[in-house]
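What follows is a set of notes on a single structure, which appears directly below.
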Amino acid sequence: SGGGYMIFSEWNIWGNEKINAIPEGNPITHKTLNFAYSPIYPFIQADNTNLKAWYKFDGNYMDSSQSGYNLTNSGTVIVNGLIVQSVSADASDFLETSGINLNGKTYSISFWAKFNTIPASDVFFWTQSSANAVGSTVILQYQQGNNVLRFSHYGSGNDMDTTGYNVSSMVGTSWHHYVVTYNSTNRGAEIWFDGVKLNTNISTLTNAFTGGGNFTIGKWVTNPNIFNGLMEDFRYYDKILTSIEISQLYSIPTQNTYTLSVQAGTSIQVNNGTAQYLSGNYTISVGATQSSVLGLSGQTSPYPLTNGS
């Protein structure tokens, strides 16, 4: 201050911070520009009107929607995750709530999941069940015997299985995004994986779900095959999500953008590369693994600086 000249030995830009402007007429020398990426939760318009339960697992098992459908924890732990934090389950761990009741409902359920190991048996992502009877159970599972993802209301005509996919290879041990939509009017359903609607053996279920019981994440109350892995950003909507909305939920924001205004002759070194001299207005795009500087107006050559060059 006072002399109008500042020297930065290191400039750290974090994902949620913003730089609106740097006063012109104050030459600034930056030895190094360091960019750090912080992912954020996707937002869709339906979050304002149709989001009835949202479990981020960021340090707790609370419902981040307005419904108050908090989860009861049985053995799971919270760990660092895909966006912020995730719930980790194995052995006999699971979560449940009495707040969510899918009986007679049109809905979509969206979540991220990552297996610790490729499943060697049936695994249940989420369920609601009052009995092992037709229409009394609703489940989403990885069905190991047929190597499919299955959405089911239990019994003949109620098992919607993916067709034409090597699901065990698809799911692997990486993060993937899953969505199920269900229309109570015509009993139509869809299974989505990483933003793509999968082919299924049937498009409608024979019987509606008329059961009850707690909504459970990670197990089926009558089956010992527990989900072994991580889950995050688990959402329940009381509507059928559109393909655009599903794509938005799948596309976790991967960059933040900052505007940097500098005076002619300012030396900026990006990612320890060769110093470049810039003037005018520039946009710095910060990605998960790289950054770039693009000239907007009044820029000088050489530009743009891309990928840390």
Side-chain angles (χ1 to χ4, degrees), residues 102-115 118-211 213 215-229 231 234-237 239-247 249-250:
L102 302 180
N103 187 329
K105 302 292 178 53
T106 290
Y107 61 87
S108 299
I109 293 178
S110 164
F111 61 96
W112 286 89
K114 177 184 183 296
F115 288 105
I118 296 176
S121 60
D122 293 356
V123 175
F124 298 94
F125 295 103
W126 56 261
T127 69
Q128 187 171 17
S129 179
S130 54
N132 291 344
V134 172
S136 295
T137 290
V138 55
I139 61 174
L140 176 66
Q141 69 173 124
Y142 166 68
Q143 213 275 339
Q144 189 270 339
N146 295 312
N147 193 19
V148 298
L149 294 176
R150 171 174 291 178
F151 174 66
S152 178
H153 283 179
Y154 197 90
S156 177
N158 290 315
D159 290 339
M160 174 178 284
D161 292 344
T162 57
T163 58
Y165 308 98
N166 183 350
V167 174
S168 65
S169 177
M170 288 168 57
V171 300
T173 56
S174 300
W175 281 105
H176 295 288
H177 185 238
Y178 301 80
V179 176
V180 166
T181 68
Y182 176 72
N183 186 332
S184 63
T185 301
N186 60 14
R187 300 185 302 280
E190 296 175 347
I191 301 173
W192 292 72
F193 181 85
D194 286 350
V196 176
K197 186 176 76 170
L198 300 184
N199 297 324
T200 54
N201 60 333
I202 57 177
S203 59
T204 60
L205 306 182
T206 300
N207 298 96
F209 172 62
T210 56
F215 181 87
T216 305
I217 298 175
K219 71 172 291 187
W220 182 14
V221 291
T222 61
N223 192 295
N225 296 326
I226 305 295
F227 175 80
N228 181 4
M231 283 193 189
F234 195 106
R235 309 187 190 199
Y236 162 55
Y237 295 89
K239 62 160 284 184
I240 298 173
L241 293 174
T242 67
S243 60
I244 293 175
E245 289 170 326
I246 292 171
S247 178
L249 290 174
Y250 171 58

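Note that the numbering runs from 1 along the sequence shown for the chain. These values consider heavy atoms only, across backbone and side chains, with no hydrogens, waters or symmetry-generated copies.
Annotation: side chain to side chain donor-acceptor pair (under 3.5 Å) contacts of S184 (sequence neighbours excluded): T106. Residues meeting the side-chain contact (heavy atoms from CB on, under 4.5 Å) test with E190, sequence neighbours left out: T181, W192, K197. Not counting sequence neighbours, the partners of F193 by the side-chain contact (heavy atoms from CB on, under 4.5 Å) test are L149, M170, V171, H176, Y178, L198. T210 is linked by a side chain to side chain donor-acceptor pair (under 3.5 Å) to nothing, counting only residues two or more places apart in sequence or in another chain. In this structure, V196 has no side-chain contact (heavy atoms from CB on, under 4.5 Å) partners at least two apart in sequence or on a different chain. Shown here are the ring-ring contact (aromatic ring centres under 6.0 Å, His included) partners of W112, two or more places apart in sequence or in another chain: H177, Y250.
Looking at S130, its side chain never comes within 3.5 Å of a backbone N or O of T137 through a donor-acceptor pair. When atom types are taken as modelled, the side chain of Q128 and the backbone of L102 share a donor-acceptor pair closer than 3.5 angstrom. A donor-acceptor contact shorter than 3.5 Å is absent between the side chain of N183 and the backbone of G188. Proximity of a side-chain donor or acceptor of R187 to a complementary backbone N or O of L205 within less than 3.5 Å is detected. Although no hydrogens or angles enter the test, the distance criterion places a donor-acceptor pair under 3.5 Å between the side chain of N103 and the main chain of G211. Here the side chain of K114 pairs a donor or acceptor atom with the backbone of T173 at under 3.5 angstrom. For T216 (side chain) and K219 (main-chain N/O), no donor-acceptor pair under 3.5 Å exists by modelled atom type. Using a distance-only test at 3.5 Å, with no hydrogens or angles considered, no donor-acceptor pair links the side chain of N228 to the main chain of V123. Proximity of a side-chain donor or acceptor of N158 to a complementary backbone N or O of N207 within less than 3.5 Å is detected.
Looking only at side-chain heavy atoms (C-beta outward), Q143 and D161 stay at 4.5 Å or farther from each other. Here the side chains of I109 and F151 are not in contact, with every heavy-atom distance at 4.5 Å or above.
Classified by interplanar angle (parallel below 30°, tilted 30° to 60°, perpendicular above 60°), the ring pair H153/F209 is tilted.
In summary, the aromatic rings of F125 and F115 are positioned with their centroids under 6.0 Å apart.
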* To do: Carefully, step by step, assess F111 and L140 under the rule side-chain contact (heavy atoms from CB on, under 4.5 Å).
  => CA-CA 12 Å; F111 61 96; L140 176 66; 3.8 Å; yes

* Go through W220 and N132 one step at a time and tell me if the side-chain contact (heavy atoms from CB on, under 4.5 Å) criterion holds. => CA-CA 10 Å; W220 182 14; N132 291 344; 3.2 Å; yes

* To do: In sequence, state the C-alpha distance, the side-chain angles, and the governing distance for S152 and D159, and then conclude on side-chain hydrogen bond (donor to acceptor under 3.5 Å, both in side chains).
  => CA-CA 4 Å; S152 178; D159 290 339; 2.5 Å; yes

* Any chance you could lay out the side-chain contact (heavy atoms from CB on, under 4.5 Å) test for Y236 and K105, step after step, and finish with the verdict? => CA-CA 11 Å; Y236 162 55; K105 302 292 178 53; 4.2 Å; yes

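Atom CZ in F215 sits 12.5 Å away from atom OG in S129 (nearest 0.5 Å). From Y154, atom OH reaches atom OG of S136 across 9.5 Å, with rounding to the nearest 0.5 Å. With rounding to the nearest 0.5 angstrom, the CD1 atom of I246 is 5.5 Å from the CG atom of L241. The structure places OG of S108 at 6.5 Å from CD1 of I240, a figure rounded to the nearest 0.5 Å. Taking CG of N147 as the reference point, atom OH of Y165 lies at 13.0 Å (rounded to 0.5 Å). The structure places OG1 of T204 at 9.5 Å from OH of Y182, a figure rounded to the nearest 0.5 Å.
Between the side chains of S168 and N166, at least one donor N or O sits under 3.5 Å from an acceptor N or O.
Contact detail for I202 and G157: the closest heavy-atom pair is CD1-O, 3.7 Å.
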